[in-house]
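Note that these values count all heavy atoms, side chains included, but never hydrogens, waters or copies made by symmetry. Worth saying up front: this structure is predicted, and the values here are computed from it rather than measured. Heads up: numbering here begins at 1 and tracks the sequence.
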Amino acid sequence: MTSGGWRRPVPASLPPLPVAAAITALVIANLWFTAWTIAELLQYPDPVDWRVLTAAAERISHGIDPYGFAFGDGSFRWSPVVAWIFVPLTVLGPLGWRLLHGAALLLLPDRRLALIVALSWPFWFDVAAGNIVTFVFVAAVLGLRGNRIGELATLALAMLAPRPLVLPLAAWLIWRRPRLRAPAAALVVAHALLLLPVGWAGQWGERLFSVLPQQLGIAFDVGPSRFVGAWWVPIGLVLAVVLMVRNRVGWACLAAAPYWLPYYLVMPLLELGRHGSGGADPYLRPVVVPGRTD
């Protein structure tokens with residue numbers, strides 16, 4: 001205490017200079033690429049992934065192979081059931097679909113996390129492209145916090161739109177939460193039964209196995225495979241397993257992806273959103289048995 005009775009304020013500690021420099025560089029890069037993406041969004045209002053999804057919906061509704069077309073590097077790669085789901089969704093149009101991305105952030109239980117995502121380049125890239133990574137992320141945050149709808153939505157999205165990015169997330173949920181194993185099996189059976197009347201399952205399988213060689217090293221690949229090529233596949237898978245064991249699910253998702261498209265970079269933010277207000281994952285806390293003090 002000073003003679004006047006006032007406590008001298010303690011200066012806040014600053015991060016080490018290299019860490020501060022890295023954070024500053026990331027913030028500047030995020031702002032730059034976000035501004036560039038928004039400018040592109042305004043200049044080209046027709047999102048390429050939305051075009052792919054709606055084209056697949058139109059083709060399958062007319063009995064035409066939904067996998068027999070491509071727009072540049074874009075082609076339909078998800079379950080044929082998704083093509084039917086998008087038949088009624090086409091009425092939203094590109095603008096409605098993009099606004100739905102913003103509305104999805106309102107479901108996040110942490111407003112600070114919602115703001116971080118809303119200001120991030122991965123989110124705006126997803127909005128510009130018209131993909132579904134934002135919806136996967138929101139479902140994952142809810143699911144990791146124990147929300148049953150979020151858990152089931154995450155597993156359903158991993159099955160309907162399978163990609164290495166989301167498989168560690170689904171695997172972690174099933175591994176760490178045994179109560180989800182029966183619902184997960186039921187979802188698989190239900191999807192298989194839906195494929196019987198929908199058809200095109202063989203074409204879907206062919207498309208899934210042809211994606212990886214086509215995507216490695218593409219212009220929008222911002223990950224390690226851009227520099228080391230296919231070598232990143234085994235490296236990333238091993239790293240993903242290690243991260244899953246250490247319960248770093250968001251980073252495991254990114255590591256498992258053979259190529260990193262810009263909207264994939266939102267997945268590490270799961271590390272910020274997986275905990276509730278108590279700051280710890282309730283599914284990783286030790287079980288307290290009444291009457292025991294050890």
Side-chain angles (χ1 to χ4, degrees), residues 22-44 47-50 52-53 73-74 77-78 94 97-144 150 153-154 157-158 161-170 215-216 218-226 232 236 239-240 243 248-274:
I23 293 174
T24 302
L26 285 174
V27 170
I28 294 174
N30 178 74
L31 292 174
W32 169 263
F33 285 112
T34 298
W36 170 76
T37 301
I38 293 175
E40 290 289 306
L41 183 155
L42 296 174
Q43 186 175 0
Y44 302 102
V48 61
D49 289 341
W50 169 258
V52 169
L53 292 169
D73 292 331
R77 302 163 188 170
W78 300 339
W97 180 242
R98 282 169 164 161
L99 291 175
L100 201 59
H101 285 66
L105 296 185
L106 298 177
L107 298 176
L108 290 173
D110 189 333
R111 292 293 175 258
R112 294 168 298 180
L113 177 62
L115 180 61
I116 291 173
V117 175
L119 297 176
S120 71
W121 179 42
F123 169 74
W124 284 103
F125 194 92
D126 191 44
V127 171
N131 208 275
I132 64 167
V133 177
T134 297
F135 306 120
V136 172
F137 176 82
V138 171
V141 170
L142 295 173
L144 289 172
T154 299
L157 287 169
R163 44 187 161 192
L165 180 75
V166 296
L167 295 183
L169 176 61
Q215 293 294 106
L216 285 174
I218 63 173
F220 281 111
D221 184 359
V222 296
S225 60
R226 184 72 179 270
W232 174 249
L239 184 57
L243 290 166
R248 298 297 183 183
V249 189
W251 288 108
C253 290
L254 194 60
Y259 48 88
W260 296 2
L261 300 179
Y263 37 51
Y264 288 6
L265 300 179
V266 76
M267 298 306 283
L269 293 181
L270 288 176
E271 303 300 329
L272 301 177
R274 61 180 293 172

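L243 is linked by a side chain to side chain contact (heavy atoms under 4.5 Å, CB included) to L239, R248, W251, A252, A255, counting only residues two or more places apart in sequence or in another chain. In this structure T34 satisfies the side-chain hydrogen bond (donor to acceptor under 3.5 Å, both in side chains) test with no other residue, sequence neighbours excluded. I116 meets the side chain to side chain contact (heavy atoms under 4.5 Å, CB included) test with L269, L272; sequence neighbours excluded. With sequence neighbours excluded, the residues satisfying side chain to side chain contact (heavy atoms under 4.5 Å, CB included) with A170 are L155, A158. Here R111 pairs with nothing under the salt bridge (charged side-chain N to carboxylate O under 4.0 Å, His left out) rule; sequence neighbours left out. Every residue two or more places apart in sequence or in another chain that forms a side-chain hydrogen bond (donor to acceptor under 3.5 Å, both in side chains) with W121 is listed here: T37.
The side-chain heavy atoms of R77 and V52, taken from C-beta on, include no pair separated by under 4.5 Å. For the pair Y259/V222, no side-chain contact is recorded, criterion being any heavy-atom separation below 4.5 Å from C-beta on. Taking the side chain as every heavy atom from C-beta outward, S225 and P258 never approach each other to under 4.5 Å.
Of the possible polar contacts, one joining the W124 side chain to the A118 backbone as a donor-acceptor pair under 3.5 Å is found. Judged purely by atom type and a 3.5 angstrom limit, N30 has no side-chain atom pairing as donor or acceptor with the backbone of A25. Distance alone, capped at 3.5 Å, places no donor-acceptor pair between the E40 side chain and the A128 backbone.
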* Begin from the C-alpha positions of T154 and L169 and carry the test side chain to side chain contact (heavy atoms under 4.5 Å, CB included) through to its verdict. => CA-CA 8 Å; T154 299; L169 176 61; 3.4 Å; yes
* To do: Take L165 and L261, measure what side chain to side chain contact (heavy atoms under 4.5 Å, CB included) needs, and give me the verdict at the end.
  => CA-CA 10 Å; L165 180 75; L261 300 179; over 6 Å; no
* Worked verdict on L254 versus Y264 for side chain to side chain contact (heavy atoms under 4.5 Å, CB included) -> CA-CA 7 Å; L254 194 60; Y264 288 6; 4.1 Å; yes
* Apply side chain to side chain contact (heavy atoms under 4.5 Å, CB included) to W97 and V127, showing your working. => CA-CA 8 Å; W97 180 242; V127 171; over 6 Å; no
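Counting heavy-atom neighbours within 6.0 Å of W36 CH2, excluding the residue itself, gives a total above 12.
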Please table the atom pairs, donor to acceptor, closer than 3.5 Å between any side-chain atom in residues 129-142 and protein atoms at least two apart or in another chain.
from : atom 1 : to   : atom 2 : distance (Å)
N131 : OD1    : R163 : NH2    : 3.1
N131 : ND2    : D49  : OD2    : 2.8
N131 : ND2    : Y263 : OH     : 3.3
T134 : OG1    : D126 : OD2    : 2.7

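Going from atom CG of L265 over to atom CZ of F33 covers 10.5 Å, rounded to the nearest 0.5 Å.
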